[in-house]
Peer 1: 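Below is the structure I would like to discuss, written out as structure tokens.
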Amino acid sequence: VKDCVINVPVYFTDAERRAMLDAAHVAGLNCLKLMNDTTAVALSYGIYKKDLPEVEAQPRVVVFVDLGASNLQVSVTSFNAGKMKVLGTAFDHSVGGRDFDRAIYRYMAEDFKARYKVDASTNRKAELRLLAESEKLKKLMSANSTNIPLNIECFMEDRDVTGKLNREAFEDLVAPLLARIDAALRSVLTAAKLEDASSVYAVELVGAATRIPAVKRIVREVFGLEPSSTLNADEAVARGCALQCAILSPAFRVRDFAITDTQPYSVTLDWTEQDGRQDSAEIFPRQ
């Protein structure tokens, strides 16, 4: 493989995007396009839809919520037959599934420190084992609301440790994270210039962390719709990039599908006049 399309987070700046292109060049890849994560998800959703409104008709508005291991990205996209347009995006680049794992880790570490007199933060191996078990516990709580046990043999100093946590206590631990997710979901409506969520046709979830019940509840509260999981939560971005690469490649015949993306940052030109005065002008506004 040489020709490729590479996905980047929607919040990447111009410098970060150029660095990604440089990295692809160093790796011997010919990057045909850099594609925003949520745009790739929208393409993988829309290109196979045969019931989209005609070009002249009212577009179908779909919200895509991508909560992965390290970040949250949300986009509002309108669809018509053969085309899509990203209306607005929102993001939080420092909240994701690993932050939920860390919340469980801190809770269990304090519990073990109080009951067993062992401090996981002083032993890297114990810390990694507890983080791995915390992630497993998070996944189990997505399907069970009862107390879930956590057991680790020979955790530290030849001691076995055990703890437990239920979904209600977990949601109390991660309340600040859930508040940030709620804020990002609400801000995307403003970014897309939508007065409310009544015009939203559907909400699609991707990213492994969207399986957390509390996240789904927030989506329901913000958009008033039951979130859908029709896309493969782990592969939707890669599938969208593969489709975009096929569209750009002359070797494949793909259904025509026009993509109008958004730009989260404005592009400004700065210069110095002959008299030394600094000036600037916004060339491309935020879209």
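Quick note: numbers below take in every heavy atom, side chains included, and nothing from hydrogens, waters or symmetry partners.
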Peer 1: Where do Phe79 and Tyr45 land on the ring pair (Phe, Tyr, Trp, His ring centres under 6.0 Å) test, with the steps shown first?
Peer 2: CA-CA 10 Å; Phe79 291 93; Tyr45 170 87; 5.4 Å; yes
Peer 1: Is there a salt bridge (Lys or Arg N to Asp or Glu O under 4.0 Å) between Glu135 and Lys138 once you walk through the steps?
Peer 2: CA-CA 5 Å; Glu135 183 181 3; Lys138 178 191 68 177; 5.2 Å; no
Peer 1: Any sub-3.5 Å donor-acceptor pair from Glu133's side-chain atoms to Ile152's backbone N or O?
Peer 2: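 Judged by distance alone, no pair lies under 3.5 Å.
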Peer 1: Does any part of the side chain of Val65, heavy atoms only, come nearer than 4.5 Å to the side chain of Leu72, both counted from C-beta?
Peer 2: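 SC-SC contact between Leu72 and Val65 confirmed.
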Peer 1: Would Glu282 and Thr268 count as having a side-chain donor-acceptor pair, cut-off 3.5 Å?
Peer 2: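 Glu282 vs Thr268: no donor-acceptor pair found between side chains.
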Peer 1: Side chains of Thr230 and Glu204: is there a donor and an acceptor less than 3.5 Å apart?
Peer 2: yes
Peer 1: Judged by modelled atom types alone, do Ser198 and Asp196 share a side-chain donor-acceptor pair under 3.5 Å?
Peer 2: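 On atom types as modelled, these side chains qualify, holding a pair under 3.5 Å.
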Peer 1: Could you tell me whether Arg102 sits above the aromatic face of Tyr105, with NZ or CZ closer than 6.0 angstrom to the six-membered ring centre and within 45 degrees of the axis?
Peer 2: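 Positive - Arg102 is close enough to the ring of Tyr105 and near enough to its axis.
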Peer 1: Could you report the tightest heavy-atom contact between Val76 and Ala192, atom names first, then the distance?
Peer 2: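 Looks like CB-CB, 3.8 Å.
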Peer 1: Less than 4.5 Å apart, any side-chain heavy atom of Asp160 and any of Tyr116?
Peer 2: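 No, side chains not in contact.
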Peer 1: Please give me the minimum heavy-atom distance between Thr38 and Ser75, naming the atom from each residue.
Peer 2: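 The answer is CB-OG, 3.4 Å.
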Peer 1: Counting only N and O atoms by type, is there a donor-acceptor contact under 3.5 Å from the side chain of Asn232 to the main-chain atoms of Glu235?
Peer 2: yes
Peer 1: Among residues two or more places apart or on two chains, list those pairs meeting side-chain hydrogen bond (donor to acceptor under 3.5 Å, both in side chains) that have a residue in residues 170-193.
Peer 2: Asp92-Arg180, Ser94-Arg180, Glu171-Arg217, Asp182-Arg186
Peer 1: Indicate whether any N or O donor in one side chain lies under 3.5 Å from an N or O acceptor in the other, for Ser121 and Asp119.
Peer 2: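 On atom types as modelled, these side chains qualify, holding a pair under 3.5 Å.
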Peer 1: Verify, without hydrogens or angle tests, whether Arg60 (side chain) and Ala202 (backbone) share a donor-acceptor contact under 3.5 angstrom.
Peer 2: no
